[in-house]
There are 2 protein chains.
Amino acid sequence: MKKKISLKDIAQKVGVSTATVSYVLSKDKESKVSIKVAEKVKKAAKELNYHPNQIAKSLKMGKTFTIGLIVADISNPFFSHIARIIEDEATKLNYTVVFGSSDEKADRSWDLINFLANRQVDGFILAPTEGSEEQIKYLQEENIPFVLIDRYFPEIDTNYVVVDNYQAAFGAVNRLIDTGHKRIGMLAYLNSLHHMRDRINGYKSALKQNNLEDDTNWLHEIDFFNIEKEVKSAIDKMLEGKLRVDAIFFATNTLAVIGLKYIDSLKYKIPDDLAIISFDQGEAFDFYYCPLTYVKQPLDELAKNAVKVLTRKIENPSARKEQICLSAQLIVRKSCS
Amino acid sequence: MKKKISLKDIAQKVGVSTATVSYVLSKDKESKVSIKVAEKVKKAAKELNYHPNQIAKSLKMGKTFTIGLIVADISNPFFSHIARIIEDEATKLNYTVVFGSSDEKADRSWDLINFLANRQVDGFILAPTEGSEEQIKYLQEENIPFVLIDRYFPEIDTNYVVVDNYQAAFGAVNRLIDTGHKRIGMLAYLNSLHHMRDRINGYKSALKQNNLEDDTNWLHEIDFFNIEKEVKSAIDKMLEGKLRVDAIFFATNTLAVIGLKYIDSLKYKIPDDLAIISFDQGEAFDFYYCPLTYVKQPLDELAKNAVKVLTRKIENPSARKEQICLSAQLIVRKSCS
DNA sequence: TTCTTCATTTTAATCGTTTAAATATCTAAA
DNA sequence: TTTAGATATTTAAACGATTAAAATGAAGAA
């Protein structure tokens, strides 16, 4: 069992104090150690293959160079893409990323925050769940830097990086209207989080501005924990009777995937029987027999800004809050023509 | 700026030494602290909302309860699914997961291993890249616990959890043969890693056992860093002339997605013009106009076993090596009938 | 009263760094 | 030769926990 090399070993080998070694290895230029000694220390460090123990350093410095990333589910492509970009940006700045999935559950999110805060992460990037306001306030009270991503709480003054969901939804639904659709349904989550309300409001506004009546059977809010079943019954409702919808707007990737599978099984044809637009991209959307029109969120910018805002806040606690709202892009393809 | 509560603060408040507090909070039952004092300490800890500093604990104990996960790319669904399961299993055992993406590059992988080892992760779960043998040997020399996942090096005696790729490929190709196909092409990566060689060998064996000649134009090994272009030219080659293939076996999800998009653009119809089987599942595969037959890898078992083997090794360094090989399942659907 | 014994609590070292402050060494001017 | 001043190096405390070992104190025995 080879023991780890520490400053002490180098000090011993060279015959100086650990302080000197530390100065050479971590201050170098700015230190006042003589060149002669410095050279010897560096040589010894190399020979012994010394690597500083970052845990000890963290304890002393009160900084871990670690970012806690909390998302709903790391295996959801939306979040895993974001995670990847965050990883790359963090690496450039010498940070490590530790992650956790909340499964949209506030208590899981609480556990994760505590767990990671005890491990002294320098800050958090989080996609907050419904009902996690007190957690956010806790972080503020504890002065732990964080930035919200994807979702935010308009009534709490925090750093955040989000997409303009209202405009994105508004634009998407308008596109459906422009292409002659008049009875447009929407599938969203039953969720009070602002990003979802914005998507729904964008949809409603577009209908209203175009004087399209708004049937109660057209908007369906799906319980996140019972998606499959509720999507099916929602689609059944939308498609029954002679006043059935002629287009559907899906508020997320997951809803679209499940919904379209069901629509296929009912033998409806896109875009002739039904036009479709969905939020988020997905490999599946390209692959569908009728390539889907979708709202493309700027994942790259979202993630890069999150890291930038967070690290700025970590390095300068008095940095003023940043609230970034990016626009999404509608990628138009066959499913809505 | 609220300062963090430490053992010292509790000690002060109760009027005892930090040792006593530590005994109460971390040993409790087995400690010999009087019930009276113990109660007071617990009460104070609760009142002050004390949370132990895990960094300090890690330094003292020489254990961080952290697992380093190194995969090719966390945004690849294959790996993000695995990451999610690893996360869940690790959480149950009180471990945190930190991750890094190697992009299949050995030097990136080296950097990640060093970076995370300096942060004193207790062990690694890694999907090794081509040419990373020396890294594996380094971990062995340094006595850092690790387990390989998805890929392994047969010539190095390590812990690993992998899938029987040979059998999986052999079975898939046999299925194509059973359904009457005689000229079967394969798209794989140009990679010396054993998991890829096994898939290729499984394919070759199946052809040979069925006395199907094996045309040099049928197997194409694609450079990982130039996928798009090489997939297209490989498919062009497979489909040219009158001896064109009547089925294609894709060695990975990514190859299949890119390949099928190209095949679609050429207006070939699955399964009539061409039968298809691919490795790995993918949302897209369900969504394709002709649902794809695929080799389903047991991601759950893969990840769960990896965590189990690793934590066992961490907790008992003398645990003997475990080499687990799981079987994949062929999910048969329309694309090969 | 003095000595054991035992339960309880504290002291102090430790993990591997950093860094302010103290000390030692050297140079050059008086 | 002395000494101020600069330069180089070490000492020692600190970060926040753990834990072996020493100390304390009270009860019971002699």
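All values reported here derive from a predicted model rather than from experimental measurement. Just so we're on the same page: letters track the sequence lines, and every chain starts at 1.
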[X] side-chain N/O to [Y] backbone N/O, donor-acceptor pair under 3.5 Å:
| X | Y | value |
| --- | --- | --- |
| B/Asn305 | B/Glu301 | yes |
| A/Glu322 | A/Thr158 | no |
| A/Thr66 | A/Thr64 | yes |

Between [atom2] of [N] and [atom1] of [X], the distance in whole Å:
| X | N | atom1 | atom2 | value |
| --- | --- | --- | --- | --- |
| A/Ile55 | D/dG16 | CD1 | C1' | 13 Å |
| B/Asp9 | D/dC15 | CG | P | 11 Å |
| B/Ile5 | D/dC15 | CD1 | C1' | 16 Å |
| B/Gln12 | C/dT10 | CD | P | 13 Å |
| B/Lys40 | C/dT8 | NZ | P | 15 Å |
| B/Lys63 | D/dG16 | NZ | P | 23 Å |
| B/Met61 | D/dT19 | CE | C1' | 9 Å |
| B/Lys57 | C/dG16 | NZ | P | 18 Å |

Verify the contact: side-chain N or O of [X] to OP1 or OP2 of [N], cut-off strictly under 4.0 Å; return yes or no.
| X | N | value |
| --- | --- | --- |
| A/Lys4 | C/dG16 | no |
| B/Thr20 | C/dT10 | yes |
| B/Ser26 | D/dT18 | yes |
| B/Lys27 | D/dT18 | no |

If you check every side-chain atom of [X], which of [options] has the closest atom?
| X | options | value |
| --- | --- | --- |
| B/Lys32 | C/dT9, C/dT18, D/dC15 | C/dT9 |
| B/Tyr23 | D/dT10, C/dG16, D/dT19 | D/dT19 |
| A/Asn53 | D/dT9, C/dG16, C/dT19 | C/dG16 |
| B/Ser6 | C/dC15, D/dA17, D/dT10 | D/dA17 |
| A/Pro52 | D/dT9, D/dT11, C/dT17 | C/dT17 |

Closer than 4.0 angstrom, basic N to acidic O: yes or no for [X] and [Y]?
| X | Y | result |
| --- | --- | --- |
| B/Lys46 | B/Glu39 | no |
| B/Lys40 | B/Glu47 | no |
| A/Glu89 | A/Lys92 | yes |

Checklist entry - If you write DNA chain D from 5' to 3' in dot-bracket form, with Watson-Crick or G-U pairs under 3.5 Å, [ ] for crossing pairs and | for pairs with another strand, what do you get? => result ||||||||||||||||||||||||||||||

Next on the checklist: Taking the nucleotide of DNA chain D with the nearest heavy atom to each, does A/Thr18 or A/Val33 sit closer to the 5' end?
Outcome noted: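 Checking each residue's closest nucleotide, the 5'-ward one belongs to A/Val33.
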
Next on the checklist: So B/Ser17, base contact, sugar-phosphate only, or nothing? Heavy-atom distance under 4.0 Å.
Outcome noted: base

Item to check | For B/Gln135 against B/Ala106, the heavy-atom pair lying closest together | outcome: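 Of all heavy-atom pairs spanning B/Gln135 and B/Ala106, the closest is NE2-O, 2.8 Å.
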
Item to check | Mutual orientation of the aromatic rings belonging to A/Tyr152 and A/Tyr160 [parallel < 30°, tilted 30-60°, perpendicular > 60°] | outcome: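 Answer is tilted, since the angle falls between 30° and 60°.
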
Checklist entry - How do B/Lys60 and B/Ser34 order along DNA chain C: which one's closest nucleotide is nearer the 5' end? => result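 So the residue in question is B/Ser34.
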
